[in-house]
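Order of the sequence lines fixes the chain letters, A, B, ..., with proteins taken first and strands second; residue numbering starts at 1 for each chain.
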2 protein chains.
Amino acid sequence: MDYQEAKNKFISTWGSLGTLWGINKAMAQIQALLFISTEALTTEDIMEELQISRGNTSMNVRQLIDWGIVTKELRPGERKEYFSTEKDVQELARIIAKERSRREIKPVIKALEDISSIKDDGSTATKELIKQTKALHDLAHTANSILEKAVSQKQNWLTKSILKIIQ
Amino acid sequence: MDYQEAKNKFISTWGSLGTLWGINKAMAQIQALLFISTEALTTEDIMEELQISRGNTSMNVRQLIDWGIVTKELRPGERKEYFSTEKDVQELARIIAKERSRREIKPVIKALEDISSIKDDGSTATKELIKQTKALHDLAHTANSILEKAVSQKQNWLTKSILKIIQ
DNA sequence: TTAAACTTTCAAAATTTATTGAAACTTTAA
DNA sequence: TTAAAGTTTCAATAAATTTTGAAAGTTTAA
C-alpha cells in the first residue's frame, strides 16, 4: 500500500464510519482530509481532492466549523479561506463527545424525565412505562455525566485512572 | 400528559435518537415498544401499534434478534411467535456496546492499523499520515478496551469505580 | 464606483435508505 | 395429503437525505 492508497483508504474508512454513526459522508471525509493534511486547505483543494461540488464543500465545512472541529484561517494578502482541523485526537474526541451530548443526548434525557414523571394511574402499563423510562433516564444520565467529566478536562486524568483500574 | 401520550412520546423519541445514531427508525421503535410492554407481543401487535407493514416488522424484528436484543417466545398450542426485549437497561447497554464495537469499531481499528503501518517514504505527507492515523488508532483502541471492559462484566463495578473517582 | 475573487444559498436532481405488499415459503394440525 | 396459520423474501415504490450548480451575495482592491 503506497501513500495515495493509504490516504484514500483513510478517507473512505472515515467516511463510512461517519455514515454508520449518522454523520454525513462528505463531512466526515473533509475532516479526514484535513486531519492528515500538512497544511490548511482551501475550498478548491477540498473540491479537487474529494471530487465534490462547491456547494457541498461550503455547507459541510460550515457545519464542521459549527461543531468546533474546523477553523478558518485568513492569510494576509489573500482572499480565499484556508481550513484546518483540530489535530490532537484527544481534543477532537472531547469536542465530538461534548457536541453529541449537547445536541442529541441531553434532549433525550429531558424527554425521559418528562415521560417518567407522568402521574401513576395505577394500571400495570403505566407502572411499567414509568419504571422503564426512569431506569433508562438514570442510565443515560450517569453515562452522560461520565462522558462530560471525561470531556471537560484538558488533562487526560480520567482515562488514565480508568486504565489503571482495568489494568 | 396521559399514558398514551407518554407512550407515543417515548416511542418517537427513541426512534429519533436511533436515526441520529444510524439505526433504522422502525427498528428503534419496535425495541421501544417492547421495552415498555408488560408482555411479549406478536407481529400483528407490533404492526398495529406502530402502523407499519408485515415485511417491515418481520425484517426489523429479525435484526433485533440478530443483535441479541430481542428474543422469540413460543407458546404451547400457539403457532405465532411472541417477542420480548431485554428489560434490564444495564444489560441492554452492554449488548449494544458490544455489538457496535464488534461490527463498527473493530474493523476501523484494523483499517487504521493497516494504514498507519505503511512504509515511511520520507515525505512529510507520509509522515503526517502515519502519525495521525497512529494517534487515532491508539485512541480508538483505548476507548474500545474501556468499553469492552465495562461491557464484559455482569456486575457494574467499573461504572461504580468511575463514579467514585469523579464523585 | 466597479469588477474581480471569492462564499453562500437553495431549488432541482441524484442517490441512498426504508417501506410496502403480495407471492413464496414453512410448519403444524386435521 | 391438504389447508390453515403463520413467516420470510424481495422487486417495486416511497421517503429521506445528499449533492449539484448556478444565481445571488459579499468583500476587497483598484
Tell me whether B:Asn144 contacts the main-chain N or O of B:His141 through its side chain, where contact means a donor paired with an acceptor under 3.5 Å. no
Rounded to whole Å, how long is the line connecting atom CZ of B:Arg62 with atom P of C:dT26? 14 Å
Within the pair B:Ser58 and D:dT7, is there a side-chain N or O less than 4.0 Å away from OP1 or OP2? no
Interatomic distance where CZ belongs to A:Arg54 and C1' belongs to D:dA24 [whole Å]: 14 Å
Counting only side-chain nitrogens and oxygens, does B:Asn60 get under 4.0 Å of the OP1 or OP2 atom of C:dA18? no
Round to the nearest Å and state the distance from A:Met27 atom CE to D:dT19 atom P. 12 Å
In whole angstroms, the gap separating P of D:dT18 from CD of A:Gln29 amounts to 13 Å
How many whole angstroms separate atom CE of A:Met59 from atom C1' of D:dT20? 9 Å
Are more than 12 heavy atoms from other residues, nucleotides or ligands located less than 6.0 Å from atom NZ of A:Lys25? no
Measure from CD1 on B:Ile46 to P on C:dT19 and round the result to the nearest Å. 14 Å
With a 4.0 Å limit, can you tell me whether A:Arg79 has a side-chain N or O closer than that to the phosphate oxygens OP1/OP2 of C:dA4? no
Verify the neighbour count for atom NZ of B:Lys87: are there more than 12 heavy atoms of other residues, nucleotides or ligands below 6.0 Å? yes
Taking CD1 from A:Ile52 and P from C:dA14, how many angstroms apart are they, rounded to a whole number? 19 Å
Contacts of A:Glu81 and A:Asn56 projected onto DNA chain C by closest heavy atom; the upstream (5') one is A:Glu81
For the side chain of A:Thr43, starting at C-beta, report the closest nucleotide among C:dT7, D:dG6, D:dT18. C:dT7
Would you find more than 12 non-hydrogen atoms of other residues, nucleotides or ligands less than 6.0 Å from B:Glu48 atom CD? no
Atom CD of B:Gln63 to atom P of C:dT17: distance rounded to whole Å? 13 Å
